[in-house]
Amino acid sequence: AIQPFVQISKTIEGTLEDSVNWDITKSVTPDTLNLFTGDSAAVKYTIDLNKSNTLGNISVSGVITILNPDVLPDGESNQAVATVDSVRDVFDGNNITNISCLAGATPFDLSPGSSTTCSYSYVPGSAITGENIATAWVLNRDGITTAPFVGSATLSAYDTTGTGEDEIVNVSDLLDAAGQLDFGPFDSDSSFVYTRTFECGDDSGDRQNIASIDETNDADTASVRVNCYDLVVEKTVDTEKIRAYSWTLDKSVDPDSLNLFQGDSAASEFTIDITRTGVDSGFVASGTIKVKNPSPISAEVFGVGDTLSLGGDVYAIVTCPGGSGPYTIAAADSLECTYTADVADATSGTNTATANNQNFSYDTTGTGTKTGLTPYTDTESVVFNGGTTIAYVDSSATLDDDNGGDAPSGLGLPNTTDCDPEAADVTTCQVVYEELYSCTEEGSNRNLATLTTDSTSTVLTDSAFVEV
């Protein structure tokens, strides 16, 4: 029996595109600025252009023809149907899997004198060349084993199409609402640098910068984050004064004369009138001034001051750690000072604390040059009221009376609600008692009242006489 026989032939061609490609990258240093209001800082932008020739869309394709001939190689007539069990195509050692035959999927039959074609395509990783071998496996008469039939073609070069971008390009740089810069032309790899200064306040936030190639619209962005910070001044106000009291003492008796028979007795009524008058002086306003730095950078502070506006300006004495300054306040830290001011009277008004922050202009390396000062303030009210601390002088006193007998002794003041020790105005207290007399006390009877103040131990005395 004649074994099936086929003839294999094939074609191969390669195509590719040779493209000019431009890439643009943009960077900025530094990309984050931490500043105080009034500061400025410069950043450095770098734009890099890269030109490259790129081989793309590399493809290999062709046609495999499988023929079952009428006449066999020995000249005999071919009567055998060829059953193609599989078709394999190998290029550069790789199996090409994208094969499609007109006869359909394998296995398929070819009668004598008939043929079919199988198209194939392959995407190599590079523009490789070399021999391409196709193999058709045909079933033998036993229906089990197969015989290979081979055809080949050689790819020696690719058909090349020139594509891609322009050979010469220009660059536009959009500066986030601050205008546009133009650079170019460029015909090869290039790198260029420029600087830009940001002002804290007007430029706070994210400032985006876009560089693009005019001819290709390729673009890259670089953003600078401008963080603006402010110092915070907080103050307290405490008021104090001195309230000094003066006292008067007056003692009287009624009746001051008693006429009795032996064995008689009679009473006289003694009255002690006490007057206390308070006068305020020594008015002082004092408190703390805290300068807070909430930023991640240190602050240099000058001239921490405090001014009271009480009908006229009064400048307080301010004391801060480290002497007269300037003061360096570390990041997320604070400076706490105290102040005190003597004022003329209890006039109300306002109290303003001021701290001046040193501003800088920084170059791209972060080196700063001193510029101006930015003041920060806090204002609070100054009121001499119920919250005022009062230092009392002679606000109370002790009353002693040598009356003897039934009269009170060692009376402490105040001893009535009319003698409020914190009252500033005139307060009058009165002590009344009776003394019983008989003929055994014939003559002039002296009764002495003594008042001693608590702070200065001032002593006041007054006497009343009863003639028996």
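Just so we're clear, the structure is a prediction, and the values are computed from it rather than from any experiment.
- Side-chain contact check for S19 and T163: at least one donor-acceptor pair (N or O, by modelled atom type) lies under 3.5 Å.
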Begin from the C-alpha positions of Y376 and D230 and carry the test side chain to side chain donor-acceptor pair (under 3.5 Å) through to its verdict.
-> CA-CA 8 Å; Y376 294 92; D230 289 292; 2.8 Å; yes

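- For R276 (side chain) and S395 (main-chain N/O), a donor-acceptor pair under 3.5 Å exists by modelled atom type.
- Between the side chains of N21 and S52, not a single donor N or O lies within less than 3.5 Å of an accepting N or O.
- One N or O on the side chain of T453 and one on the backbone of T458 form a donor-acceptor pair closer than 3.5 Å.
- Heavy atoms only, all atoms of each residue included: I210 and A219 are closest at CG2-CB, 4.1 Å.
- Nearest heavy atom pair, residue A42 against residue P30, reads O-CD, 4.3 Å.
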Side chain to side chain donor-acceptor pair (under 3.5 Å) between S361 and S40: does it pass, once the steps are laid out?
-> CA-CA 5 Å; S361 177; S40 63; 3.1 Å; yes

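- A side chain to side chain donor-acceptor pair (under 3.5 Å) with K235 holds for exactly one of N351, T352, T288; it is N351.
- Put simply, the side chain of E165 reaches to within 4.5 Å of the side chain of D218, judged on heavy atoms.
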Start with the C-alpha distance between T160 and D18, add both sets of side-chain angles, then the distance that settles side chain to side chain donor-acceptor pair (under 3.5 Å), and finish with yes or no.
-> CA-CA 7 Å; T160 301; D18 185 3; over 6 Å; no

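- Nearest heavy atoms, A330 versus N293: O-ND2, 3.2 Å.
- Nearest approach of D48 to S191, heavy atoms of both residues: OD1-OG, 2.6 Å.
- With respect to F198, the side-chain contact (heavy atoms from CB on, under 4.5 Å) criterion is satisfied by exactly one of V224, L35, D39: V224.
- Each of T37, N356, N359 was scored for a side chain to side chain donor-acceptor pair (under 3.5 Å) with T374, with one residue passing: N359.
- No donor-acceptor distance shorter than 3.5 angstrom exists from the side chain of D166 to the backbone of E215, with no hydrogens or angles considered.
- Remark: side-chain polar atoms of S455 are paired, donor with acceptor, to backbone N or O of D394 under 3.5 angstrom.
- In this structure D206 satisfies the salt bridge (charged side-chain N to carboxylate O under 4.0 Å, His left out) test together with R225, sequence neighbours excluded.
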Evaluate the side chain to side chain donor-acceptor pair (under 3.5 Å) criterion for residues T239 and T388: first the C-alpha distance (whole Å), next the side-chain angles of each, then the deciding distance (0.1 Å), finally the verdict.
-> CA-CA 5 Å; T239 54; T388 299; 2.7 Å; yes

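- Counting heavy-atom neighbours within 6.0 Å of E131 CD, excluding the residue itself, gives a total above 12.
- Ring centers of F192 and F186: under 6.0 Å apart, within the cut-off.
- Side-chain atoms of T154 and S156 form no donor-acceptor pair, as typed in the model, at a separation below 3.5 Å.
- The aromatic rings of F270 and Y437 lie tilted to each other, with the angle between the two planes from 30° to 60°.
- A donor and an acceptor atom, one from each side chain of Y122 and D92, are nowhere located under 3.5 Å apart.
- Side chain of T450 to main chain of T461: no donor-acceptor pair is present (N/O by atom type, distance under 3.5 Å, no hydrogens or angles).
- Considering every non-hydrogen atom in both Q262 and C439, the closest pair reads OE1-CB, 3.6 Å.
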Decide yes or no on side-chain contact (heavy atoms from CB on, under 4.5 Å) for E467 and F465, but give the supporting numbers first.
-> CA-CA 6 Å; E467 186 72 26; F465 295 87; over 6 Å; no

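- For the side-chain contact (heavy atoms from CB on, under 4.5 Å) with F183, the lone residue among D173, N170, L49 that qualifies is D173.
- The aromatic rings of Y229 and F36 sit perpendicular, their planes meeting at an angle over 60°, well past the 30° parallel limit.
- Heavy-atom minimum distance, S188 versus K51: CA-CD, 4.3 Å.
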